[in-house]
Amino acid sequence: MQAQLLRTTAREVSRTRADGTLDDLARHRHTLVVTFRRDGAPVATPVWAAVAEGRVYVRAERSSGKVKRLRRDPRALLAPCTTQGRHLGPPLRAVGRVLAAHEEQIAERALAGRYGIVRGLFERAMDVMRVDMCYLELTTDQPSSVDRPG
């Protein structure tokens with residue numbers, strides 16, 4: 001059921017006019033990241049994300065599909081969403097990249113500031129299990145009046 005919802009949502013979001021804003025993302029707890037397969041098919045993933053300094057930051061498993069897709073094709077769409085991935089507003093276009101280790105501090109500060117202890121516990125569990133994580137930076141041409149970690 002969840003997979004079908006995300007497939008449907010990915011198609012809907014990719015066909016929706018991309019006139020969303022960073023402020024819209026900052027007002028919601030979850031962000032839908034839509035990346036693209038080699039054949040152009042959109043893939044939607046709901047994530048915790050934080051807006052800071054006009055960029056969107058996400059932490060993800062390095063071997064995840066979204067990371068692999070962004071490395072191959074940096075185009076992405078971002079939209080506010082529910083925990084399950086149902087989009088709550090129009091998307092905005094972004095270009096994504098994996099941050100180098102020396103760049104991760106701003107992303108971590110933004111995410112920690114937004115999600116606090118709950119996220120901290122989740123991330124510690126990932127570290128204890130030795131899950132190889134990385135940070136993604138998604139840049140838009142959209143200015144943000146909400147330049148805060150969340």
Side-chain angles (χ1 to χ4, degrees), residues 6 9-10 12-14 16-38 40-150:
L6 290 175
T9 298
E12 288 173 2
V13 168
S14 69
T16 301
R17 184 176 167 169
D19 59 2
T21 68
L22 286 174
D23 294 344
D24 293 338
L25 295 181
R27 281 192 291 275
H28 291 84
R29 295 293 289 167
H30 296 87
T31 296
L32 194 69
V33 176
V34 178
T35 53
F36 298 91
R37 292 191 174 127
R38 287 185 199 280
V43 179
T45 309
V47 297
W48 285 345
V51 176
E53 297 185 14
R55 292 175 170 77
V56 178
Y57 295 101
V58 172
R59 191 168 189 225
E61 189 172 344
R62 194 175 303 276
S63 63
S64 69
K66 70 183 151 294
V67 171
K68 291 175 185 176
R69 288 186 295 274
L70 281 174
R71 283 189 171 162
R72 187 189 43 73
D73 179 354
R75 294 176 307 132
L77 294 169
L78 306 173
C81 71
T82 65
T83 304
Q84 295 79 27
R86 189 173 311 278
H87 71 103
L88 298 173
L92 63 151
R93 294 186 198 292
V95 175
R97 70 182 184 99
V98 177
L99 293 177
H102 70 276
E103 300 175 291
E104 292 179 345
Q105 187 176 9
I106 188 169
E108 177 55 32
R109 254 194 329 268
L111 287 160
R114 177 157 196 195
Y115 294 101
I117 193 158
V118 173
R119 182 190 165 274
L121 293 172
F122 173 80
E123 296 301 344
R124 267 200 204 95
M126 294 293 102
D127 293 342
V128 166
M129 293 187 306
R130 298 186 183 196
V131 176
D132 188 17
M133 303 293 283
C134 65
Y135 291 89
L136 304 176
E137 177 187 80
L138 296 132
T139 307
T140 73
D141 59 5
Q142 183 74 226
S144 173
S145 65
V146 183
D147 200 38
R148 61 175 190 207

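As a basis for the values below, the full set of heavy atoms in this structure was taken, side chains included, without hydrogen atoms, waters or symmetry mates.
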Verify, without hydrogens or angle tests, whether [X] (side chain) and [Y] (backbone) share a donor-acceptor contact under 3.5 angstrom.
{"X": "Arg114", "Y": "Ala26", "answer": "yes"}
{"X": "Tyr115", "Y": "Ala110", "answer": "no"}
{"X": "Arg75", "Y": "Phe36", "answer": "no"}

The criterion is side chain to side chain donor-acceptor pair (under 3.5 Å); which residues satisfy it with [X], sequence neighbours excluded?
{"X": "Ser64", "value": "none"}
{"X": "Glu137", "value": "Arg55, Tyr57, Arg97"}
{"X": "Thr31", "value": "none"}
{"X": "His30", "value": "Trp48"}

Among all residues two or more places apart in sequence or in another chain, which pass the side-chain contact (heavy atoms from CB on, under 4.5 Å) test with [X]?
{"X": "Ala100", "result": "His102, Glu103"}
{"X": "Ala10", "result": "Pro42, Ala44"}
{"X": "Arg86", "result": "Leu5, Thr82"}
{"X": "Val95", "result": "Pro74"}

How about [X] and [Y]: do any of their side-chain heavy atoms sit closer than 4.5 Å?
{"X": "His28", "Y": "Leu25", "answer": "no"}
{"X": "Pro91", "Y": "Val34", "answer": "no"}
{"X": "Leu22", "Y": "Val56", "answer": "yes"}
{"X": "Leu32", "Y": "Val13", "answer": "yes"}
{"X": "Val58", "Y": "Leu138", "answer": "yes"}
{"X": "Val43", "Y": "Arg69", "answer": "yes"}
{"X": "Thr35", "Y": "Asp73", "answer": "no"}
{"X": "Leu70", "Y": "Val98", "answer": "no"}

Atom pair [atom1] ([X]) and [atom2] ([Y]), whose distance is rounded to the nearest 0.5 Å:
{"X": "Tyr135", "Y": "Ile106", "atom1": "OH", "atom2": "CD1", "result": "12.0 Å"}
{"X": "Arg62", "Y": "Leu136", "atom1": "CZ", "atom2": "CG", "result": "9.5 Å"}
{"X": "Lys66", "Y": "Arg71", "atom1": "NZ", "atom2": "CZ", "result": "12.5 Å"}

Can you list the residues that meet the salt bridge (charged side-chain N to carboxylate O under 4.0 Å, His left out) rule with [X], with sequence neighbours excluded?
{"X": "Arg38", "value": "none"}
{"X": "Glu12", "value": "none"}
{"X": "Arg37", "value": "none"}
{"X": "Arg59", "value": "Glu123, Asp127"}

Please report the closest heavy-atom contact between [X] and [Y], naming both atoms and the distance.
{"X": "Arg17", "Y": "Pro90", "result": "O-CB, 3.9 Å"}
{"X": "Gly85", "Y": "Thr9", "result": "O-CG2, 3.3 Å"}
{"X": "Val67", "Y": "Glu61", "result": "CG2-O, 3.5 Å"}
{"X": "Thr140", "Y": "Leu78", "result": "CG2-CD1, 4.4 Å"}

### Task
List the steps, then state whether side chain to side chain contact (heavy atoms under 4.5 Å, CB included) holds for Ser63 with Asp132.
CA-CA 8 Å; Ser63 63; Asp132 188 17; over 6 Å; no
